[in-house]
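Just so it is clear, the values below take in all heavy atoms, side chains as well, and ignore hydrogens, waters and symmetry mates. Just follow the structure's listing: the first ligand is 1, and inside any ligand the first atom is 1.
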Amino acid sequence: MCKKILITGGAGFIAHHVIDKILSTTDWEIITLDRLDFSGNLNRLKEVVSSYPESEQKRVRVIHHDLKAELNPELCATIGKVDFISHLAAGSHVDRSITYPLEFVMDNVVGTANILDYARKIDGLERFAYFSTDEVFGPAPPGIYYKENDRYNSTNPYSATKAGAEELVVAFENTYGLPAIITHTMNVFGERQNAEKYIPMVIKKVRDNELVTVHANAEKTVAGSRHYIHAEDVSNALLFLLNYDISNMSPDSTGAKCQKFNIVGKDEIDNLELAQFIAKVQNKDLNYEMVDFHSQRPGHDLRYSLDGSKMAEMGWTPKSAYEQLETTINWTLKNDRWLSI
Ligand SMILES: NC(=O)c1ccc[n+]([C@@H]2O[C@H](COP(=O)([O-])OP(=O)(O)OC[C@H]3O[C@@H](n4cnc5c(N)ncnc54)[C@H](O)[C@@H]3O)[C@@H](O)[C@H]2O)c1
């Protein structure tokens with residue numbers, strides 16, 4: 001019998017790419033729960049799913065649910081038995097978390113507690129994958145690459161709620177034996193990303209000959225940097241982990257059992273290089289200004305960085321971000337309705 005996966009946040013940017021990947025590479029049934037807020041856009045999912053034959057489209061079911069509420073027995077019966085859960089639903093906009101921290105505690109901590117409480121009661125659940133972020137480690141000084149079990153140091157409510165939710169996942173594995181894993185992913189880009197995010201925003205500004213603001217240090221000499229990774233790579237990594245036999249992986253040297261995995265992009269790219277690349281692909285000059293974003297806006301960090309060696313040793317490596325960036329830029333310019341959503 002084919003497997004069934006429950007994915008939370010399927011109308012969101014990353015999860016709709018994950019659903020696309022599962023549709024194209026497995027015969028699994030997919031159920032997604034989403035509350036469809038301003039960041040959840042069903043058109044994303046519709047655009048992807050409708051590119052498959054009708055028989056494949058039937059493999060995807062969307063259920064409207066806000067995870068701030070528990071999954072009641074009627075909802076559980078509607079979902080039916082599942083083999084995997086991939087929990088991606090979350091408030092994901094850092095600025096919004098600074099304005100509305102309690103909203104993020106409800107969505108990201110309480111929401112995770114509700115899906116965990118549902119998951120712990122499922123007989124035969126093969127894996128619960130919690131999708132977390134590199135931001136839990138806080139800013140990375142030059143030369144530092146955080147490993148999976150390094151200390152956390154949240155610099156904004158968003159990352160603190162993601163770190164808090166991680167600890168709930170760890171506790172549910174230790175307390176109830178939930179077969180859980182946690183991933184840390186860096187800045188993800190790709191088709192149909194929210195137009196407020198840096199890459200679509202720069203694509204649009206360059207196209208419209210507007211000034212691009214580049215976040216930099218206090219002296220405005222060093223641009224902030226990230227390891228950018230395409231959503232398709234992230235989806236591949238997630239599927240790789242759902243299928244990976246982790247039974248022989250032992251706790252770390254301090255006894256921490258829950259396995260965590262850094263999903264890291266190949267290339268560390270600074271914000272100026274990135275904007276220049278986007279301009280080059282469009283054959284345009286870049287009109288830019290370096291701004292001291294770090295000290296003007298609390299909760300934003302100049303550099304994040306993760307160590308990807310654990311996944312590399314397991315046999316998973318990402319593609320080069322530059323190739324995928326070029327494809328994404330060209331796709332976005334052709335499908336520019338996504339720049340105004
Ligand atoms: N985008 C990135 O670069 C990045 C990097 C690392 C980790 N992450 C994590 O990946 C996940 C997905 O990120 P994204 O960029 O696709 O976000 P997104 O904002 O595009 O999508 C989030 C989805 O979750 C849904 N959602 C939010 N709160 C909910 C709730 N209470 N109940 C039900 N649904 C709810 C929204 O409606 C939306 O569809 C998040 O957990 C985020 O923390 C994102």
### Task
Give the protein residues with at least one non-hydrogen atom closer than 4.0 Å to an atom of ligand 1, ordered by chain and number.
Gly9, Ala11, Gly12, Phe13, Ile14, Asp34, Arg35, Leu36, Asp37, Ser39, Gly40, His65, Asp66, Leu67, Leu88, Ala89, Ala90, Ser92, Asp107, Phe131, Ser132, Thr133, Tyr158, Lys162, Thr185, Met186, Asn187, Val188
### Qualifying residue for side chain to side chain contact (heavy atoms under 4.5 Å, CB included) with Ile14, from Ile7, Leu238, Val234, Thr185
Val234
### Message
Quick one, Leu6 and Ser86 - any side-chain contact, counting heavy atoms below 4.5 Å?
### Response
no
### Query
Taking the side chain as C-beta and beyond, is there a heavy-atom pair between His87 and Phe131 under 4.5 Å?
no
### Query
Lys3 pairs by side chain to side chain contact (heavy atoms under 4.5 Å, CB included) with which of Ile30, Asp27, Asp83?
Asp83
### Query
So, do Ile5 and Val82 sit near enough that their side-chain heavy atoms are less than 4.5 Å apart?
no
#### Entry: Test salt bridge (charged side-chain N to carboxylate O under 4.0 Å, His left out) applied to Lys46 - qualifying residues, sequence neighbours left out
none
